[in-house]
Amino acid sequence: MKQLTLLFFSIGTICQAQISNLNDHAVCFYYNWYGSTLIDGNNYHWAHPVMPENDKDTTKKFYPGNGDIGANFYPTNGEYSSADPAIIEKHMQEIASAGIGIIAVTWLGEDDYTFKSVSPLLDAAARHGIKVCFQIEPKVRKTVFSTCDAVRFIIDKFGNHPAFYKNKTTNRAMFFVYDSYVIPAKDWAVVLSDTGKQSIRKSKYDCDMIGLWCWKEDSLFFEQSGFDGFYTYFASRGFTFGSTPENWPSLQTWADDHHLIFIPSVGPGYNDERIRPWNTRNNKDRESGKYYDRMFESAIKSNVKWIGITSFNEWHEGTQIEPATKHSINQFQFLDYGELNENYYLTRTNYWLQQWEKSKKH
């Protein structure tokens, strides 16, 4: 009994030390859409079609999973289910080891198979001191009203959970809205401006709504829409104006001048060649970690107040910092992290978040 008590004390001490080192302005995008036949009845997302380039593209290729997945890297954890409690616990441990304080979980709706993973995710996140917010995906973001319905549902269902993210200053939740620009700014203003006819402002559902900034001209969108801030998401440097680090200093200044939150996204590389073979122009080699280093260095030099990390486990686009392993099938050799340790990107994330904090003190 004495040994057991000491063991629990030791684990508790480690957890508390780890929690105190989590950065509460670092947000990592987390995908809970993976499935296994055993747990979910389907190997969702590991099995994946090749995406057509346009309406004239008749490509029908399909990766069936079971070793042949729709990604260029292969996970050390295998083709897991995002609803597997053991995987969730391991992921939260890995995220905490990286010093990341917030994860933005993909939201596909309460009627989607991914929904069952949300409560276990929140519980595991709480055990590791991680806070959880959500990225609302296009499936849900069809109109401004369906988006706000999702916000209301999430806050009502999970808003009192200890892991649910709330801004310490404003006590408001945070939501990322992917491809927010698809809907006109005037429509967003109906629900996001103080004077909007169906505004969520000054209500129980008032929150920090973060839209996606792609092009230089998006400044007008954010002036008129009522969003509280913007993020850049993409890990492919130069893919958009927003994902080009050379533009981050001016974007941070613009955000400060307009009292908005700016969250630029850093990433370790980009490769979606298996599912988008026509998109190789946007591939970004990891360069044995140097690409990730340059992204972080650019963010720190831009004096940003937030950093997004794309991603923990978007395997389709090769932006993951989750451990990858050597694997091959049907004469196809999956990429891995080369001579780097499989946990390298977790460790390196922790390093750069510490450097970021040090830079604020000078």
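- Side chains of Val182 and Pro138 form no contact here, defined as non-hydrogen atoms less than 4.5 Å apart.
- Atoms CG and NZ, from Asp84 and Lys90 in turn, are 11.0 Å apart once rounded to the nearest 0.5 Å.
- Residues Gln224 and Ala189 approach most closely at O-CB, 3.5 Å, considering heavy atoms.
- Between Arg294 and Glu297, none of the side-chain N atoms (NZ, or NE/NH1/NH2) sits under 4.0 Å from a carboxylate O, so this pair counts as no salt bridge.
- In this pair, Tyr34 and His45 present their aromatic rings perpendicular. The plane angle is above 60°, beyond the 30 to 60° band.
- A donor-acceptor contact shorter than 3.5 Å links the side chain of Asn313 to the backbone of Tyr31.
- Between the CZ atom in Phe230 and the OG atom in Ser180 there is a gap of 11.0 Å [rounded to 0.5 Å].
- By the 30° and 60° cut-offs, the orientation of the rings of His327 relative to Phe334 is tilted.
- Hydrophobic clustering, with ILVMFWY side chains joined whenever heavy atoms are under 4.5 angstrom apart, keeps Leu108 apart from Met51.
- Using a 3.5 Å distance cut-off with no hydrogens or angles, the side chains of Glu322 and Asn77 do pair a donor with an acceptor.
- One hydrophobic cluster, built from ILVMFWY side chains closer than 4.5 Å, holds both Leu192 and Ile261.
- To the nearest 0.5 angstrom, Ser243 atom OG is 12.0 Å from Tyr233 atom OH.
- Between Phe29 and Tyr231, the distance separating the two ring centers is shorter than 6.0 angstrom.
- No side-chain heavy atom of Trp213 sits less than 4.5 Å from a side-chain heavy atom of Phe221.
- With sequence neighbours left out, Arg172 forms a side-chain hydrogen bond (donor to acceptor under 3.5 Å, both in side chains) with Asp206, Asp208, Asp228.
- Judged by distance alone, the side chain of Glu273 and the main-chain N or O of Thr280 form no donor-acceptor pair under 3.5 Å.
- Across every non-hydrogen atom of Ile95 and Ile103, the tightest pair is CD1-CG2, 3.7 Å.
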Evaluation steps, side-chain contact (heavy atoms from CB on, under 4.5 Å), between Asp272 and Asn283: CA-CA 7 Å; Asp272 62 354; Asn283 282 1; 3.9 Å; yes
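- Distance CD/Gln252 to CG/Leu260: 10.5 Å, rounded to 0.5 Å.
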From CA spacing to verdict: side-chain hydrogen bond (donor to acceptor under 3.5 Å, both in side chains), His91, Tyr30: CA-CA 10 Å; His91 281 176; Tyr30 182 93; 2.7 Å; yes
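- Put simply, Trp315 and Phe62 are part of two different groups of oily side chains (I, L, V, M, F, W, Y) that touch within less than 4.5 Å, one to the next.
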Steps toward salt bridge (Lys or Arg N to Asp or Glu O under 4.0 Å) verdict (Glu246, Arg237): CA-CA 10 Å; Glu246 288 77 12; Arg237 187 182 193 124; 3.0 Å; yes
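- Taking each heavy atom of Gly308 and Ile263 in turn, the nearest pair found is N-CG2, 3.5 Å.
- Judged purely by distance below 3.5 Å, without hydrogens or angles, the side chains of Tyr291 and Asp293 never pair a donor atom with an acceptor atom.
- Side chain of Tyr63 to backbone of Arg274: a donor-acceptor contact under 3.5 angstrom is found.
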Verdict with reasoning, Trp46 to Tyr80, per ring pair (Phe, Tyr, Trp, His ring centres under 6.0 Å): CA-CA 9 Å; Trp46 303 119; Tyr80 55 78; 5.2 Å; yes
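- One finds no salt bridge joining Lys290 and Asp285 here, because no Lys/Arg side-chain nitrogen approaches an Asp/Glu carboxylate oxygen to under 4.0 Å.
- Distance check, rounded to the nearest 0.5 Å: CD of Glu53 to CZ of Arg276 gives 11.5 Å.
- Atoms CD1 and OG, from Ile88 and Ser82 in turn, are 7.5 Å apart once rounded to the nearest 0.5 Å.
- With hydrogens and angles ignored, the 3.5 Å screen pairs no side-chain donor or acceptor of Ser302 with any backbone N or O of Val304.
- For His128 (side chain) and Ile130 (main-chain N/O), no donor-acceptor pair under 3.5 Å exists by modelled atom type.
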Stepwise side-chain contact (heavy atoms from CB on, under 4.5 Å) test for Thr240 and Thr232: CA-CA 8 Å; Thr240 66; Thr232 63; 5.7 Å; no
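- Between the side chain of Ser81 and the backbone N or O of Ala83 there is at least one donor-acceptor pair closer than 3.5 Å.
- Between Trp352 and Phe296, the ring planes lie parallel to each other; the angle is under 30°, not in the 30° to 60° tilted range.
- Aromatic ring orientation, Phe115 versus Phe158: tilted (interplanar angle from 30° to 60°).
- Within 6.0 Å of the CG atom in Asp55, the count of heavy atoms belonging to other residues, nucleotides or ligands does not exceed 12.
- Among all heavy-atom pairs drawn from Leu22 and Gly101, the shortest one is CB-CA, 4.0 Å.
- Side-chain heavy atoms closer than 4.5 Å link hydrophobic residues (I, L, V, M, F, W, Y) into clusters, and following such links, even through other members, never connects Trp33 to Val50.
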Residues Glu287, Tyr292; criterion side-chain hydrogen bond (donor to acceptor under 3.5 Å, both in side chains); working and verdict: CA-CA 9 Å; Glu287 300 174 46; Tyr292 201 36; over 6 Å; no
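- Tracing side-chain contacts under 4.5 Å through hydrophobic residues (I, L, V, M, F, W, Y), one never reaches Tyr270 starting from Ile275; they form parts of separate clusters.
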side-chain contact (heavy atoms from CB on, under 4.5 Å) between Tyr165 and Phe134, intermediate numbers included: CA-CA 9 Å; Tyr165 173 80; Phe134 294 88; over 6 Å; no
Stepwise side-chain contact (heavy atoms from CB on, under 4.5 Å) check, Thr114 with Tyr44: CA-CA 10 Å; Thr114 57; Tyr44 295 111; over 6 Å; no
Evaluation steps, salt bridge (Lys or Arg N to Asp or Glu O under 4.0 Å), between Arg152 and Asp149: CA-CA 5 Å; Arg152 293 187 186 96; Asp149 285 344; 3.2 Å; yes
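- For the residue pair Trp278 and Arg281, the shortest heavy atom distance occurs at O-NH1, 3.3 Å.
- With Tyr345 as the aromatic partner, Arg286 meets the cation-pi criteria of under 6.0 angstrom to the ring centre and within 45 degrees of the ring axis.
- Remark: the backbone N or O of Pro64 is not paired with any side-chain donor or acceptor of Asp68 at under 3.5 angstrom.
- Under a 3.5 Å cut-off, the side chain of Gln135 and the backbone N or O of Glu137 do not form any donor-acceptor pair.
- Here the two rings, on Phe234 and Phe239, have centers that are under 6.0 Å apart.
- The shortest heavy-atom contact between Gly67 and Ile329 is O-CG2, 3.4 Å.
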